[in-house]
Amino acid sequence: MPRLRRGWPLAPALVLCALLLAVPPLGLAAAFNGALGVPFLAVLFFLCYALGAGAGLGAGLGMTAALAVAVNVASLGFSPVSLMITIGPWLAGRVVRSRRTMNEQLHARNQELESERELFALESVRYERARIARELHDIVAHCLSLMVVQASAGQRLPEADRAGVTSALESVAEAAAQAQTEVGRLVELLDGQPPAGSAAGLDMIDELVRRASQTGQAVTCRFLGPCGQLTPAASEAAYRLVQEALTNAVKHAPGASVDITIDGHEASVAVNVVNAAPPHRRSGLERSGGSYGLAGMRDRVTACGGSLTCGPTPAGGWQVSALLPAELG
């Protein structure tokens with residue numbers, strides 16, 4: 001019965017309207033105005049409410065008006081009560097219908113927001129994993145590449161050259177200590193703690209050049225123009241870019257010359273790393289890594305509002321160029 005009243009109120013209303021209109025021809029007007037009218041009026045009340053809550057605006061209002069007329073016909077005269085038990089319940093049904101529609105819309109919106117929240121959480125986890133993988137790649141790939149190259153060079157030295165072996169081992173230990181320091185800083189950042197030391201930036205590029213030179217690379221670095229107006233994030237992005245470019249040069253072009261240029265302008269800082277064509281020797285590290293380097297550099301530079309281009313040079317080498325926006329102030 002509730003489903004019939006809420007889902008199809010027009011059919012019961014039509015039946016009731018016909019019954020009310022049949023009251024005068026059947027001579028039941030006196031009975032309708034007496035005890036017979038109570039059940040009719042009760043059913044009429046709930047049907048008018050159902051017309052407002054379950055039927056459309058035009059059909060519900062038209063049938064309610066027809067019922068109001070039928071009540072007046074059945075009672076053999078106009079009565080304000082007929083409006084109270086027809087139009088009043090219909091208006092109440094319309095209010096309930098609007099509230100029900102609003103609740104359904106809010107429920108659908110809440111489900112949509114919940115789905116968006118879950119997707120955002122999954123995307124955040126994916127992004128965070130990618131960021132951690134990028135950080136670990138930048139740290140481990142660079143330091144391990146230097147360690148492997150220095151260890152290999154130390155193995156090739158004659159036993160009598162103890163000074164050379166010692167220097168190679170010192171370089172390996174230095175690279176390992178640097179990796180340990182940077183991994184510790186990464187752990188502090190992931191744990192929500194402020195890092196104990198300062199973040200890597202342009203002022204530490206000279207240290208990268210020195211370590212790469214110890215592997216046999218001929219590395220030069222030039223600072224042109226004002227280069228100190230980068231934000232900390234952009235400065236670290238520039239450092240990581242040079243670090244990755246040097247790592248790739250050590251791995252894929254061992255012994256080739258590398259030229260680093262950091263050119264500061266009024267609104268931007270250009271970072272260019274160009275290595276010459278690789279000589280005819282291999283480092284043994286060509287297949288190491290997981291292809292995160294270029295993607296990581298691009299993500300870092302893009303996050304700072306800059307742009308990155310990478311590709312081979314006409315001379316057979318490789319060039320990495322980034323344009324980072326300067327901090328206005």
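FYI, the numbering just counts along the sequence from 1. Here the structure is a predicted model, which means the values were calculated and not measured.
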Revision key, fill the gap. Rounding to 0.5 Å, atoms OG1 (Thr309) and CZ (Arg298) come to a distance of 8.0 Å
Review point. Between Ala276 and Ala256, what is the shortest heavy-atom contact and its length?
Key: O-CB, 3.6 Å
Check your understanding: Does one hydrophobic cluster hold both Val43 and Leu14, with members joined at side-chain heavy-atom distances below 4.5 Å?
Key -> yes
Exercise for review: For the residue pair Arg94 and Leu57, establish whether any side-chain heavy-atom pair is separated by less than 4.5 Å.
Suggested key: yes
**Study point:** Atom of Leu47, atom of Pro9 and distance for their closest heavy-atom approach
**Key:** CD2-O, 4.1 Å
Review point. Nearest heavy-atom pair of Leu51 and Met63: which atoms, and what distance?
Key: CD1-CG, 3.6 Å
Exercise for review: Apply the side chain to side chain contact (heavy atoms under 4.5 Å, CB included) test between Asp259 and each candidate in Val219, Asn275, Thr220; give the one that qualifies.
Suggested key: Thr220
Review point. Which is it for Thr261 and Val274 under the side chain to side chain contact (heavy atoms under 4.5 Å, CB included) test, yes or no, and what are the steps along the way?
Key: CA-CA 9 Å; Thr261 304; Val274 183; over 6 Å; no
**Study point:** Distance, nearest 0.5 Å, that separates SG of Cys48 from CD1 of Ile85
**Key:** 7.5 Å
Exercise for review: Grab the two heavy atoms, one from Pro325 and one from Leu230, that are nearest each other, plus how far apart they are.
Suggested key: O-CD2, 3.5 Å
Review point. Checking Arg300 side chain against Glu236 main chain: does a donor-acceptor pair fall under 3.5 Å?
Key: no
**Study point:** Glu114/Asn110 under side chain to side chain contact (heavy atoms under 4.5 Å, CB included): CA gap, chis, key distance, verdict
**Key:** CA-CA 6 Å; Glu114 183 66 19; Asn110 286 336; over 6 Å; no
Practice item. Give a yes or no on whether Val271 and Val209 share a hydrophobic cluster (residues Ile, Leu, Val, Met, Phe, Trp, Tyr; joining criterion: side-chain heavy atoms under 4.5 Å apart). Key: yes
Study note, to complete from the structure: The salt bridge (Lys or Arg N to Asp or Glu O under 4.0 Å) partners of Glu123 (sequence neighbours excluded) come to Arg126
**Study point:** side chain to side chain contact (heavy atoms under 4.5 Å, CB included) partner of Leu241, the single match among Asn272, Leu308, Leu324
**Key:** Leu308
Point to revise | Exceeds 12 heavy-atom contacts within 6.0 angstrom, atom CZ of Phe45 | key: no
Review point. Minimum heavy-atom separation for Thr64 to Trp90, with atom names?
Key: OG1-CD1, 3.1 Å
Review point. With Glu118, which residues qualify under salt bridge (Lys or Arg N to Asp or Glu O under 4.0 Å), at least two apart?
Key: none
Point to revise | Where Pro89 and Met84 come nearest, the two heavy atoms and their spacing | key: CD-O, 3.1 Å
Check your understanding: When rounded to the nearest 0.5 angstrom, what distance separates OG in Ser235 from CD1 in Ile205?
Key -> 7.5 Å
Review point. side-chain contact (heavy atoms from CB on, under 4.5 Å) with Leu323: which residues, sequence neighbours excluded?
Key: Ser268, Ala270, Ser307
Review point. Is the side chain of Ser98 donor-acceptor paired with the backbone N or O of Val95 at a distance under 3.5 Å, no angle test?
Key: yes
Practice item. Among Val273, Leu208, Asn248, find the residue that satisfies the side chain to side chain contact (heavy atoms under 4.5 Å, CB included) test when tested with Gln243. Key: Leu208
